[in-house]
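Atoms considered below: every heavy atom in the structure, side chains included; atoms not considered: hydrogens, waters and symmetry mates. Nothing here was measured: the structure is a model prediction, and the numbers come from that model.
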Amino acid sequence: MAWRFSSFVSTVESSKTLNPNPFSSTAPFSTSFLVTKTPKKFKKKRKPKPSPRTSPVQTQPNLIPSLERILHRDALLRFVTRSKQFLSAQPEHVLRLDDAGKLHRELGFPRGRKVSRFLQRHPLLFQTYRHTDGKSWLGFTDLMEDLLAEEHSLMDAMELNRVEKVRKLLMMSARNRIPLSKIHHCRTLFGIPDDFRDRVAKYPDFFKVVVDSDGKRVLELVKWDPLLAVSALEREFVVDEDSAKRRFRFPVKYGKDLELELDDNRKLDLLNSLPLVSPYSDGHRFDLWTLEAEKYRVGLIHEFLSLTLEKRASIHHLVEFKEEFSLTKHTYQMLRKQPRAFYLAGTEMNWAVFLKDAYDENGALIDKDPQVLFNEKLYKYAQVDQMEHDPAVEVQHFT
(Lines give C-alpha, C1' and ligand atoms only; values in the text may rest on other atoms or scores of the structure.)
Protein backbone atom coordinates (compact mmCIF):
# COMPACT_ATOMS: atom_id res chain seq x y z
CA MET A 1 0.00 0.00 0.00
CA ALA A 2 2.84 2.38 0.82
CA TRP A 3 4.41 1.51 -2.52
CA ARG A 4 1.21 2.55 -4.37
CA PHE A 5 0.98 5.90 -2.48
CA SER A 6 4.59 6.83 -3.21
CA SER A 7 4.04 6.00 -6.88
CA PHE A 8 0.98 8.30 -6.95
CA VAL A 9 2.93 11.16 -5.34
CA SER A 10 5.78 10.84 -7.85
CA THR A 11 3.26 11.00 -10.72
CA VAL A 12 1.70 14.18 -9.34
CA GLU A 13 5.11 15.79 -8.86
CA SER A 14 6.11 15.01 -12.42
CA SER A 15 2.85 16.53 -13.72
CA LYS A 16 3.52 19.71 -11.76
CA THR A 17 6.92 19.94 -13.41
CA LEU A 18 5.41 19.71 -16.87
CA ASN A 19 2.50 22.05 -16.07
CA PRO A 20 3.22 24.53 -13.28
CA ASN A 21 -0.42 25.62 -13.15
CA PRO A 22 -2.44 22.57 -12.03
CA PHE A 23 -5.76 24.32 -12.73
CA SER A 24 -5.05 25.16 -16.41
CA SER A 25 -6.56 22.85 -19.02
CA THR A 26 -4.24 21.66 -21.74
CA ALA A 27 -5.65 20.73 -25.13
CA PRO A 28 -4.94 17.13 -26.11
CA PHE A 29 -4.36 18.24 -29.78
CA SER A 30 -2.91 21.19 -31.76
CA THR A 31 -5.18 24.13 -32.77
CA SER A 32 -2.76 25.72 -35.23
CA PHE A 33 -4.93 24.69 -38.19
CA LEU A 34 -7.85 26.87 -37.04
CA VAL A 35 -8.35 30.15 -39.03
CA THR A 36 -8.12 33.01 -36.55
CA LYS A 37 -7.74 35.89 -39.10
CA THR A 38 -9.73 36.84 -42.19
CA PRO A 39 -7.77 35.93 -45.33
CA LYS A 40 -6.62 38.83 -47.49
CA LYS A 41 -8.80 37.80 -50.40
CA PHE A 42 -11.91 38.15 -48.23
CA LYS A 43 -10.87 41.46 -46.65
CA LYS A 44 -12.58 44.60 -47.79
CA LYS A 45 -10.24 46.70 -49.89
CA ARG A 46 -10.00 50.22 -48.63
CA LYS A 47 -10.06 52.92 -51.24
CA PRO A 48 -6.96 55.10 -51.11
CA LYS A 49 -7.62 58.53 -49.74
CA PRO A 50 -7.67 61.24 -52.41
CA SER A 51 -4.35 63.04 -52.55
CA PRO A 52 -3.38 66.22 -54.45
CA ARG A 53 -0.37 64.27 -55.74
CA THR A 54 -2.55 61.79 -57.63
CA SER A 55 -5.96 63.49 -57.97
CA PRO A 56 -6.44 64.77 -61.53
CA VAL A 57 -7.44 68.38 -62.02
CA GLN A 58 -10.04 67.60 -64.65
CA THR A 59 -12.75 64.99 -64.71
CA GLN A 60 -15.39 64.08 -67.26
CA PRO A 61 -16.92 65.82 -69.11
CA ASN A 62 -14.34 68.63 -68.87
CA LEU A 63 -11.37 66.41 -69.65
CA ILE A 64 -9.47 67.16 -72.89
CA PRO A 65 -7.41 64.00 -73.60
CA SER A 66 -5.32 65.59 -76.35
CA LEU A 67 -3.89 68.17 -73.93
CA GLU A 68 -3.40 65.61 -71.18
CA ARG A 69 -1.35 63.51 -73.63
CA ILE A 70 1.08 66.39 -74.09
CA LEU A 71 2.07 66.14 -70.43
CA HIS A 72 2.42 62.38 -70.79
CA ARG A 73 4.72 62.88 -73.78
CA ASP A 74 6.84 65.32 -71.80
CA ALA A 75 7.25 62.74 -69.04
CA LEU A 76 8.37 60.08 -71.53
CA LEU A 77 10.90 62.41 -73.16
CA ARG A 78 12.21 63.99 -69.96
CA PHE A 79 15.44 62.00 -70.24
CA VAL A 80 16.08 63.29 -73.78
CA THR A 81 15.44 66.96 -72.98
CA ARG A 82 17.39 67.06 -69.72
CA SER A 83 20.30 64.96 -70.95
CA LYS A 84 20.56 67.17 -74.04
CA GLN A 85 20.77 70.29 -71.87
CA PHE A 86 23.26 68.81 -69.42
CA LEU A 87 25.59 67.19 -71.95
CA SER A 88 25.58 70.29 -74.14
CA ALA A 89 27.14 72.22 -71.26
CA GLN A 90 29.94 69.65 -70.73
CA PRO A 91 33.37 69.93 -72.36
CA GLU A 92 33.39 67.98 -75.64
CA HIS A 93 29.77 66.99 -74.90
CA VAL A 94 30.85 63.82 -73.06
CA LEU A 95 30.43 62.39 -69.59
CA ARG A 96 31.77 59.33 -67.79
CA LEU A 97 29.12 56.64 -67.60
CA ASP A 98 29.87 56.03 -63.91
CA ASP A 99 29.23 59.70 -63.17
CA ALA A 100 26.09 59.73 -65.31
CA GLY A 101 24.53 57.03 -63.16
CA LYS A 102 24.68 59.39 -60.15
CA LEU A 103 23.12 62.36 -61.95
CA HIS A 104 19.55 61.09 -62.09
CA ARG A 105 18.06 64.53 -61.46
CA GLU A 106 20.23 66.32 -64.01
CA LEU A 107 19.74 63.68 -66.71
CA GLY A 108 16.05 63.11 -66.05
CA PHE A 109 15.77 59.43 -65.14
CA PRO A 110 14.29 57.90 -61.94
CA ARG A 111 16.58 57.42 -58.99
CA GLY A 112 17.83 53.86 -58.61
CA ARG A 113 17.49 53.03 -62.30
CA LYS A 114 20.39 52.33 -64.64
CA VAL A 115 21.13 55.13 -67.06
CA SER A 116 22.16 52.58 -69.70
CA ARG A 117 18.56 51.39 -69.99
CA PHE A 118 17.44 54.88 -71.01
CA LEU A 119 20.34 55.31 -73.41
CA GLN A 120 19.27 52.16 -75.27
CA ARG A 121 15.86 53.69 -75.95
CA HIS A 122 17.36 56.54 -78.00
CA PRO A 123 20.20 55.05 -80.10
CA LEU A 124 19.97 57.80 -82.74
CA LEU A 125 20.80 60.50 -80.20
CA PHE A 126 23.11 58.99 -77.55
CA GLN A 127 25.99 56.55 -77.65
CA THR A 128 28.49 54.98 -75.26
CA TYR A 129 32.10 54.12 -76.04
CA ARG A 130 35.20 52.95 -74.21
CA HIS A 131 38.01 55.48 -73.94
CA THR A 132 41.74 54.76 -73.89
CA ASP A 133 41.61 55.07 -70.10
CA GLY A 134 39.45 51.94 -70.00
CA LYS A 135 36.37 53.82 -68.77
CA SER A 136 33.00 53.92 -70.52
CA TRP A 137 31.82 57.36 -71.61
CA LEU A 138 28.49 58.79 -72.69
CA GLY A 139 28.17 61.22 -75.60
CA PHE A 140 26.08 62.37 -78.54
CA THR A 141 25.87 60.63 -81.88
CA ASP A 142 26.92 62.43 -85.06
CA LEU A 143 23.25 62.98 -85.87
CA MET A 144 22.69 64.63 -82.49
CA GLU A 145 25.72 66.86 -82.97
CA ASP A 146 24.30 67.99 -86.31
CA LEU A 147 20.98 68.73 -84.65
CA LEU A 148 22.69 70.78 -81.95
CA ALA A 149 24.51 72.83 -84.57
CA GLU A 150 21.23 73.40 -86.37
CA GLU A 151 19.56 74.50 -83.15
CA HIS A 152 22.40 76.92 -82.43
CA SER A 153 21.89 78.52 -85.85
CA LEU A 154 18.18 78.72 -85.13
CA MET A 155 18.86 80.48 -81.82
CA ASP A 156 21.01 83.07 -83.61
CA ALA A 157 18.31 83.68 -86.21
CA MET A 158 15.60 84.13 -83.52
CA GLU A 159 17.71 86.24 -81.15
CA LEU A 160 15.85 89.51 -81.71
CA ASN A 161 12.53 87.78 -81.16
CA ARG A 162 13.77 86.37 -77.84
CA VAL A 163 15.11 89.76 -76.80
CA GLU A 164 11.65 91.21 -77.38
CA LYS A 165 10.10 88.47 -75.22
CA VAL A 166 12.46 89.30 -72.36
CA ARG A 167 11.70 93.01 -72.71
CA LYS A 168 7.98 92.30 -72.42
CA LEU A 169 8.59 90.10 -69.35
CA LEU A 170 10.48 92.95 -67.71
CA MET A 171 7.73 95.41 -68.59
CA MET A 172 5.16 93.11 -66.94
CA SER A 173 7.18 92.67 -63.76
CA ALA A 174 6.38 94.82 -60.76
CA ARG A 175 9.62 96.82 -60.75
CA ASN A 176 10.74 96.15 -64.33
CA ARG A 177 13.47 93.83 -63.08
CA ILE A 178 13.93 90.04 -62.92
CA PRO A 179 16.89 88.03 -61.57
CA LEU A 180 18.90 86.51 -64.40
CA SER A 181 18.81 83.14 -62.66
CA LYS A 182 15.01 83.00 -63.02
CA ILE A 183 15.16 83.79 -66.72
CA HIS A 184 17.85 81.14 -67.18
CA HIS A 185 15.81 78.57 -65.28
CA CYS A 186 12.78 79.12 -67.58
CA ARG A 187 14.78 79.67 -70.77
CA THR A 188 13.38 76.64 -72.62
CA LEU A 189 9.86 77.90 -71.97
CA PHE A 190 10.50 80.95 -74.18
CA GLY A 191 13.19 79.55 -76.48
CA ILE A 192 15.89 81.68 -74.87
CA PRO A 193 19.44 80.42 -75.63
CA ASP A 194 21.59 78.98 -72.86
CA ASP A 195 24.14 81.78 -73.21
CA PHE A 196 21.59 84.58 -73.01
CA ARG A 197 23.30 85.97 -69.92
CA ASP A 198 26.34 86.63 -72.09
CA ARG A 199 24.30 88.01 -74.99
CA VAL A 200 22.66 90.65 -72.80
CA ALA A 201 25.74 92.85 -73.12
CA LYS A 202 24.97 93.29 -76.83
CA TYR A 203 21.83 95.30 -76.02
CA PRO A 204 22.75 98.15 -73.64
CA ASP A 205 19.79 100.21 -74.90
CA PHE A 206 17.36 97.56 -73.63
CA PHE A 207 18.94 95.90 -70.60
CA LYS A 208 21.13 96.66 -67.64
CA VAL A 209 22.62 94.08 -65.27
CA VAL A 210 22.95 95.10 -61.62
CA VAL A 211 24.14 93.16 -58.59
CA ASP A 212 21.89 93.22 -55.54
CA SER A 213 23.14 93.27 -51.97
CA ASP A 214 22.67 89.49 -51.75
CA GLY A 215 24.97 88.97 -54.74
CA LYS A 216 22.23 88.13 -57.25
CA ARG A 217 22.61 89.43 -60.79
CA VAL A 218 19.38 91.15 -61.79
CA LEU A 219 18.30 92.18 -65.28
CA GLU A 220 16.65 95.60 -65.40
CA LEU A 221 14.74 97.36 -68.16
CA VAL A 222 16.52 100.45 -69.48
CA LYS A 223 13.76 102.03 -71.54
CA TRP A 224 9.98 101.56 -71.65
CA ASP A 225 8.60 100.89 -75.13
CA PRO A 226 4.87 101.75 -75.48
CA LEU A 227 4.69 99.77 -78.73
CA LEU A 228 5.51 96.59 -76.81
CA ALA A 229 3.06 97.37 -74.00
CA VAL A 230 0.14 95.87 -75.95
CA SER A 231 -1.05 92.45 -74.86
CA ALA A 232 -2.11 89.63 -77.16
CA LEU A 233 -5.63 89.91 -75.75
CA GLU A 234 -5.79 93.62 -76.61
CA ARG A 235 -4.71 92.90 -80.18
CA GLU A 236 -7.37 90.22 -80.46
CA PHE A 237 -9.97 92.61 -79.04
CA VAL A 238 -9.41 94.90 -82.03
CA VAL A 239 -9.92 92.05 -84.51
CA ASP A 240 -12.72 90.11 -82.78
CA GLU A 241 -14.31 92.07 -79.96
CA ASP A 242 -17.04 89.54 -79.17
CA SER A 243 -14.56 86.67 -78.80
CA ALA A 244 -12.39 88.66 -76.41
CA LYS A 245 -15.43 89.62 -74.34
CA ARG A 246 -16.43 85.99 -73.93
CA ARG A 247 -12.95 84.90 -72.90
CA PHE A 248 -13.20 85.79 -69.20
CA ARG A 249 -16.06 85.83 -66.74
CA PHE A 250 -16.18 87.57 -63.38
CA PRO A 251 -19.72 86.84 -62.16
CA VAL A 252 -21.64 89.26 -59.99
CA LYS A 253 -23.01 87.91 -56.73
CA TYR A 254 -26.67 88.76 -56.19
CA GLY A 255 -29.63 87.47 -54.23
CA LYS A 256 -32.09 84.97 -55.64
CA ASP A 257 -34.94 87.40 -55.03
CA LEU A 258 -33.78 89.42 -58.08
CA GLU A 259 -34.93 86.56 -60.36
CA LEU A 260 -32.75 87.64 -63.29
CA GLU A 261 -33.13 85.89 -66.62
CA LEU A 262 -30.16 84.30 -68.37
CA ASP A 263 -29.57 87.20 -70.77
CA ASP A 264 -29.76 89.75 -67.99
CA ASN A 265 -27.36 87.68 -65.93
CA ARG A 266 -24.84 87.61 -68.79
CA LYS A 267 -25.09 91.37 -69.32
CA LEU A 268 -24.54 91.97 -65.62
CA ASP A 269 -21.47 89.70 -65.60
CA LEU A 270 -20.13 91.46 -68.68
CA LEU A 271 -20.39 94.83 -66.97
CA ASN A 272 -18.41 93.37 -64.09
CA SER A 273 -15.81 91.72 -66.33
CA LEU A 274 -15.04 94.75 -68.48
CA PRO A 275 -12.88 96.63 -68.75
CA LEU A 276 -9.97 94.22 -68.29
CA VAL A 277 -6.74 95.42 -66.68
CA SER A 278 -3.64 95.49 -68.90
CA PRO A 279 -0.75 93.30 -67.73
CA TYR A 280 1.56 96.22 -68.58
CA SER A 281 -0.17 98.55 -66.12
CA ASP A 282 0.73 99.17 -62.49
CA GLY A 283 -1.82 96.56 -61.38
CA HIS A 284 0.57 95.28 -58.75
CA ARG A 285 -0.41 98.29 -56.65
CA PHE A 286 -4.01 97.06 -56.30
CA ASP A 287 -5.18 95.54 -53.06
CA LEU A 288 -4.57 91.79 -53.46
CA TRP A 289 -8.17 90.74 -52.82
CA THR A 290 -10.02 93.26 -55.00
CA LEU A 291 -11.72 92.46 -58.30
CA GLU A 292 -9.37 94.75 -60.20
CA ALA A 293 -6.35 92.89 -58.78
CA GLU A 294 -7.79 89.55 -59.88
CA LYS A 295 -8.44 90.91 -63.38
CA TYR A 296 -4.85 92.11 -63.50
CA ARG A 297 -3.40 88.74 -62.47
CA VAL A 298 -5.62 86.80 -64.90
CA GLY A 299 -4.63 89.08 -67.76
CA LEU A 300 -0.97 88.88 -66.76
CA ILE A 301 -0.94 85.06 -66.81
CA HIS A 302 -2.70 85.12 -70.18
CA GLU A 303 0.01 87.40 -71.58
CA PHE A 304 2.74 85.30 -69.93
CA LEU A 305 1.44 82.16 -71.64
CA SER A 306 1.14 83.93 -74.98
CA LEU A 307 4.88 84.67 -74.83
CA THR A 308 5.81 81.01 -74.31
CA LEU A 309 6.70 78.74 -77.22
CA GLU A 310 3.87 76.26 -76.67
CA LYS A 311 1.36 78.60 -75.01
CA ARG A 312 1.52 76.64 -71.77
CA ALA A 313 3.44 76.57 -68.51
CA SER A 314 3.66 74.43 -65.38
CA ILE A 315 3.02 75.48 -61.82
CA HIS A 316 6.79 75.58 -61.27
CA HIS A 317 7.23 78.20 -63.98
CA LEU A 318 4.52 80.41 -62.49
CA VAL A 319 5.89 80.06 -58.98
CA GLU A 320 9.31 81.13 -60.30
CA PHE A 321 7.88 84.59 -61.07
CA LYS A 322 5.56 84.80 -58.07
CA GLU A 323 7.14 87.95 -56.64
CA GLU A 324 7.62 89.74 -59.96
CA PHE A 325 3.99 89.15 -61.03
CA SER A 326 2.36 89.64 -57.60
CA LEU A 327 0.79 86.16 -57.70
CA THR A 328 -0.91 84.71 -54.64
CA LYS A 329 -1.29 81.20 -53.26
CA HIS A 330 -4.80 81.13 -54.75
CA THR A 331 -3.57 81.18 -58.35
CA TYR A 332 -4.81 77.63 -58.93
CA GLN A 333 -8.37 78.46 -57.82
CA MET A 334 -8.25 81.72 -59.76
CA LEU A 335 -7.40 79.96 -63.03
CA ARG A 336 -10.03 77.29 -62.51
CA LYS A 337 -12.67 80.00 -62.48
CA GLN A 338 -11.76 80.89 -66.09
CA PRO A 339 -12.36 77.64 -68.03
CA ARG A 340 -13.02 79.48 -71.29
CA ALA A 341 -9.51 80.91 -71.45
CA PHE A 342 -7.40 78.32 -69.58
CA TYR A 343 -7.22 74.55 -69.36
CA LEU A 344 -5.54 73.02 -66.34
CA ALA A 345 -4.07 69.55 -66.91
CA GLY A 346 -2.22 67.08 -64.70
CA THR A 347 -2.76 66.62 -60.98
CA GLU A 348 -3.74 69.10 -58.30
CA MET A 349 -0.18 69.21 -56.99
CA ASN A 350 1.68 69.15 -60.32
CA TRP A 351 -0.48 70.91 -62.90
CA ALA A 352 0.07 72.82 -66.11
CA VAL A 353 -2.03 75.57 -67.64
CA PHE A 354 -2.78 75.84 -71.38
CA LEU A 355 -4.17 78.67 -73.48
CA LYS A 356 -7.18 76.86 -74.91
CA ASP A 357 -7.52 79.02 -78.02
CA ALA A 358 -3.90 78.32 -79.01
CA TYR A 359 -4.69 74.64 -79.69
CA ASP A 360 -6.99 73.00 -82.18
CA GLU A 361 -9.41 70.18 -81.41
CA ASN A 362 -6.65 67.58 -81.96
CA GLY A 363 -4.34 69.14 -79.39
CA ALA A 364 -1.95 70.66 -81.93
CA LEU A 365 -0.59 74.19 -81.71
CA ILE A 366 -2.17 76.47 -84.28
CA ASP A 367 0.85 78.78 -84.65
CA LYS A 368 4.18 77.01 -84.21
CA ASP A 369 7.44 78.78 -83.47
CA PRO A 370 10.48 77.49 -85.44
CA GLN A 371 11.87 76.16 -82.16
CA VAL A 372 8.68 74.12 -81.66
CA LEU A 373 9.11 72.60 -85.12
CA PHE A 374 12.70 71.72 -84.27
CA ASN A 375 11.64 70.11 -80.97
CA GLU A 376 9.02 68.02 -82.74
CA LYS A 377 11.65 66.74 -85.14
CA LEU A 378 13.97 65.91 -82.24
CA TYR A 379 11.17 64.00 -80.52
CA LYS A 380 10.61 61.94 -83.67
CA TYR A 381 14.25 60.92 -83.71
CA ALA A 382 14.05 60.10 -79.99
CA GLN A 383 11.22 57.65 -80.61
CA VAL A 384 13.14 55.69 -83.26
CA ASP A 385 14.57 52.65 -81.48
CA GLN A 386 16.77 51.41 -84.34
CA MET A 387 20.09 52.70 -85.54
CA GLU A 388 18.96 52.71 -89.16
CA HIS A 389 17.89 56.09 -90.48
CA ASP A 390 14.12 56.42 -90.68
CA PRO A 391 13.18 57.85 -94.11
CA ALA A 392 9.95 59.20 -92.65
CA VAL A 393 11.97 61.53 -90.43
CA GLU A 394 13.90 63.91 -92.61
CA VAL A 395 16.10 66.68 -91.29
CA GLN A 396 14.63 70.10 -92.02
CA HIS A 397 16.72 73.20 -91.52
CA PHE A 398 15.09 76.28 -90.02
CA THR A 399 17.77 78.84 -90.66
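Take Lys202 and apply the salt bridge (Lys or Arg N to Asp or Glu O under 4.0 Å) test, not counting sequence neighbours, and it matches Glu159. Residues satisfying the ring-ring contact (aromatic ring centres under 6.0 Å, His included) criterion with Tyr296, sequence neighbours excluded, are absent altogether. Residues meeting the side chain to side chain donor-acceptor pair (under 3.5 Å) test with Asp99, sequence neighbours left out: none.
Cluster annotation: Met155 and Leu189 are assigned to distinct hydrophobic clusters (Ile/Leu/Val/Met/Phe/Trp/Tyr, side-chain heavy-atom contacts under 4.5 Å, transitive).
Gln58 and Arg336 get closest at one heavy-atom pair: OE1-NH2, 4.2 Å.
Residue pairs that meet the side chain to side chain donor-acceptor pair (under 3.5 Å) test with at least one member in residues 74-83, sequence neighbours left out, are Asp74-Arg312. Listed by first then second residue, pairs satisfying side chain to side chain donor-acceptor pair (under 3.5 Å) with a partner in residues 210-237 read Arg167-Asp225, Arg177-Asp212, Arg177-Glu220, Ser231-Glu234, Glu236-Ser243, Glu236-Arg247, not counting sequence neighbours.
Taking the ring centre of Phe196 as origin, the terminal cationic atom of Arg199 falls outside the region bounded by 6.0 Å and 45° from the ring axis.
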Show the numbers, then the answer: is there a side-chain contact (heavy atoms from CB on, under 4.5 Å) between Phe206 and Leu170? CA-CA 10 Å; Phe206 300 151; Leu170 291 173; over 6 Å; no
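Looking at Val166 and Val200, their side chains never come closer than 4.5 Å, going by heavy atoms from C-beta outward. Between Phe286 and Leu291 the shortest side-chain heavy-atom distance does not fall below 4.5 Å. Side-chain atoms of Arg187 and Gln85, non-hydrogen and from C-beta on, do get closer than 4.5 Å to each other. Residues Leu147 and Phe140 fail the side-chain proximity criterion, which asks for heavy atoms closer than 4.5 Å. Side-chain contact between Met144 and Lys84 is present, with at least one heavy-atom pair separated by less than 4.5 Å.
Apart from Leu309 itself, the hydrophobic cluster it occupies contains Leu63, Ile64, Leu67, Ile70, Leu71, Tyr343, Phe354, Tyr359, Leu365, Val372, where clustering links Ile, Leu, Val, Met, Phe, Trp and Tyr at side-chain heavy-atom distances under 4.5 Å.
Here the two rings, on Phe126 and Phe79, have centers that are under 6.0 Å apart.
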